[in-house]
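Residue numbering restarts at 1 for every chain, and letters A, B, ... go by the order of the sequence lines.
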There are 2 protein chains.
Amino acid sequence: MTSTMKVLSNASNYGLRALLYIVSRERGGDAYISLGEISEELDISFHFLTKTMQLLTQGGILVSYRGPNGGIALKRPAEEIMLIEVVKILEGKDFFDTCMLGLEGCDDCNPCPVHHLWREIKGKVKHDFATTSLAMMGQRINEQNLRLIP
Amino acid sequence: MTSTMKVLSNASNYGLRALLYIVSRERGGDAYISLGEISEELDISFHFLTKTMQLLTQGGILVSYRGPNGGIALKRPAEEIMLIEVVKILEGKDFFDTCMLGLEGCDDCNPCPVHHLWREIKGKVKHDFATTSLAMMGQRINEQNLRLIP
DNA sequence: AATAAATAAGACAAAATAGTCTGAAATCCG
DNA sequence: CGGATTTCAGACTATTTTGTCTTATTTATT
């Protein structure tokens, strides 16, 4: 009753914002960015962020390096990482295939009453996220000077 | 990480399904339907459902009547109740105006990096929900024999 | 080798959500 | 009136999500 339309959990939210921070901060080099810097810049709990970023490391989005001057970095070129891959790692693989009414096995063959509406919405979200790369987002953020913090 | 794209809380989910049950069950009469019947038919915890339905009663969607043969009923004609009103009562008024990244004050003037994508999505959801009435849903459910249970 | 800087891992606590239960109040019927 | 049926209200518990903290491990530097 307190509102949200919270499609993303806080964890995913933080992970996504962290990635956007990384790609918007790209200096061309492949230096590691520390979680301390990210958590400070984005005002996110350090330890909580750490756990989320480990998901992305395990998921093949990031590589990490320990020790002084260590941190995390994209494992692949930002052009090759689509938003959909990130969200699937953070929220689960079937994130874009769930029923709005929470009904088990709701699909085109066995639809819930709002399936026709929701399918369209999900389709658009899926399409948008499947065609938007982290590189595109980074460029957009820099060109338009967009914010990542409250 | 367990997936969901859970736009609706369980409480809202139950409330919406209960309303859809009511309108699909319409026998033309204005008899009250008991929460016991609904919770049984939809396999929802009785007491939990009760709390949610009280929100809808307080929100002006339902009227309730105690005692034998009592229950709940739509306060207004199903044609006049749009899905958007229901969701706003259950999830909060600004449900359709939140930022995907959870940033405070994200809007057209001060957008987050995914605002342009999310605004379109939200707009479509909002439009769909603002133009779909409970009556339309009830008719659809009956015509196509759609399910409200897992 | 010792120290410091960084991620990894996991125990723990707090808060939000979900669900259960008990009793009260209203209403009908005999 | 008295009992049965129903919503209303709120306390209580359980589960999930969120956040904190401590320790271990890796690596660079001196």
Side-chain angles (χ1 to χ4, degrees), chain A residues 1-18 22 31-75 90-92 95 101-102, chain B residues 1-18 22 31-59 61-75 90-92 95 101-102 150:
Chain A
M1 196 167 105
T2 323
S3 151
T4 36
M5 181 136 176
K6 194 172 187 168
V7 283
L8 294 184
S9 66
N10 282 12
S12 303
N13 180 327
Y14 298 160
L16 188 49
R17 280 167 61 206
I22 293 172
Y32 293 105
I33 301 183
S34 80
L35 291 172
E37 172 184 338
I38 299 176
S39 77
E40 239 177 71
E41 288 296 325
L42 299 186
D43 198 29
I44 298 172
S45 149
F46 171 76
H47 288 101
F48 195 52
L49 178 65
T50 288
K51 289 196 290 193
T52 298
M53 298 318 266
Q54 280 172 25
L55 280 180
L56 294 175
T57 302
Q58 292 157 8
I61 300 286
L62 298 172
V63 290
S64 66
Y65 201 82
R66 298 185 186 187
N69 301 314
I72 57 177
L74 294 183
K75 186 172 187 178
L90 294 174
E91 291 281 343
F95 177 72
L101 296 181
Chain B
M1 195 167 102
T2 324
S3 154
T4 38
M5 181 132 174
K6 191 172 188 168
V7 282
L8 295 184
S9 66
N10 281 14
S12 303
N13 180 325
Y14 298 160
L16 187 50
R17 278 166 61 205
I22 292 172
Y32 294 104
I33 300 181
S34 78
L35 292 172
E37 173 185 337
I38 300 176
S39 76
E40 239 178 68
E41 287 296 325
L42 300 186
D43 197 29
I44 297 172
S45 150
F46 171 75
H47 292 284
F48 195 51
L49 177 65
T50 289
K51 290 197 292 191
T52 297
M53 298 318 266
Q54 281 172 25
L55 280 181
L56 293 175
T57 303
Q58 292 156 7
I61 300 287
L62 298 172
V63 289
S64 66
Y65 202 81
R66 299 183 186 187
N69 302 315
I72 57 178
L74 293 185
K75 186 172 188 178
L90 295 174
E91 290 281 343
F95 177 70
L101 296 181

**Q** Could you give the CD1-to-C1' distance, from Ile72(B) to dT5(D), as a whole number of Å?
**A** 16 Å

**Q** To the nearest Å, give me how far apart CE (Met53(A)) and C1' (dA9(C)) are.
**A** 17 Å

**Q** Return no unless some side-chain N or O of Gln54(A) is found under 4.0 Å from OP1 or OP2 of dA6(C).
**A** no

**Q** How close or far is atom P of dT27(C) from atom CG of Leu35(B), stated in whole angstroms?
**A** 16 Å

**Q** Do Val63(A) and Thr57(A) have side-chain heavy atoms sitting under 4.5 Å apart?
**A** no

**Q** Assuming nearest nucleotide by heavy-atom distance, tell me which of Lys51(B) and Ile33(B) is located more 5' along DNA chain D.
**A** Ile33(B)

**Q** Taking CG from Leu49(A) and C1' from dA9(C), how many angstroms apart are they, rounded to a whole number?
**A** 15 Å

**Q** Return the polar atom pairs (N/O with N/O) between nucleotides 26-30 of chain D and the protein under 3.5 Å, or none.
**A**
{"residue": "dT26(D)", "atom": "O4'", "partner": "Arg66(A)", "partner atom": "NH1", "Å": "3.2"}
{"residue": "dT27(D)", "atom": "O3'", "partner": "Tyr65(A)", "partner atom": "OH", "Å": "3.0"}
{"residue": "dA28(D)", "atom": "OP1", "partner": "Tyr65(A)", "partner atom": "OH", "Å": "3.0"}

**Q** Please check: side-chain N/O of Glu91(B) versus main-chain N/O of Leu8(B), any donor-acceptor pairing under 3.5 Å?
**A** no

**Q** Answer yes or no: does a side-chain N or O of Tyr14(B) lie under 4.0 Å from OP1 or OP2 of dG19(C)?
**A** yes

**Q** Rounding to a whole Å, what distance do you find between Ile38(B):CD1 and dT7(D):C1'?
**A** 12 Å

**Q** Do the side-chain N or O atoms of Ser64(A) get closer than 4.0 angstrom to the phosphate oxygens (OP1, OP2) of dA8(C)?
**A** yes

**Q** Between Leu56(B) (CG) and dT7(D) (P), how many Å, whole number?
**A** 14 Å

**Q** Is the shortest side-chain N/O distance from Asn10(A) to OP1 or OP2 of dT17(D) below 4.0 Å?
**A** no

**Q** Does Lys6(A) have a side-chain nitrogen or oxygen under 4.0 Å from the phosphate oxygens OP1 or OP2 of dT18(D)?
**A** yes

**Q** When all nucleic acid strands are considered with a 4.0 Å heavy-atom cut-off, which category describes Glu37(A): base, sugar-phosphate, or nothing?
**A** nothing

**Q** Applying side-chain hydrogen bond (donor to acceptor under 3.5 Å, both in side chains), name anything that partners Gln58(B), two or more places apart in sequence or on another chain.
**A** none

**Q** Should Leu56(B) and Met53(B) count as side-chain neighbours, where that means a heavy-atom distance under 4.5 Å?
**A** yes

**Q** Could you walk me through whether Ile44(B) and Ile38(B) pass the side-chain contact (heavy atoms from CB on, under 4.5 Å) check?
**A** CA-CA 8 Å; Ile44(B) 297 172; Ile38(B) 300 176; 5.6 Å; no

**Q** Evaluate the side-chain contact (heavy atoms from CB on, under 4.5 Å) criterion for residues Leu42(B) and Leu49(B): first the C-alpha distance (whole Å), next the side-chain angles of each, then the deciding distance (0.1 Å), finally the verdict.
**A** CA-CA 10 Å; Leu42(B) 300 186; Leu49(B) 177 65; over 6 Å; no

**Q** Given atom CD of Gln58(B) and atom C1' of dA9(D), what is their separation to the nearest angstrom?
**A** 10 Å

**Q** Should Ser45(A) be listed as having a side-chain N or O under 4.0 Å from OP1 or OP2 of dT20(D)?
**A** yes

**Q** Is it true that atom CD of Glu40(A) has more than 12 heavy atoms of other residues, nucleotides or ligands lying nearer than 6.0 Å?
**A** no

**Q** Which whole-number value in Å describes the distance from Ile44(B) CD1 to dT20(C) P?
**A** 12 Å

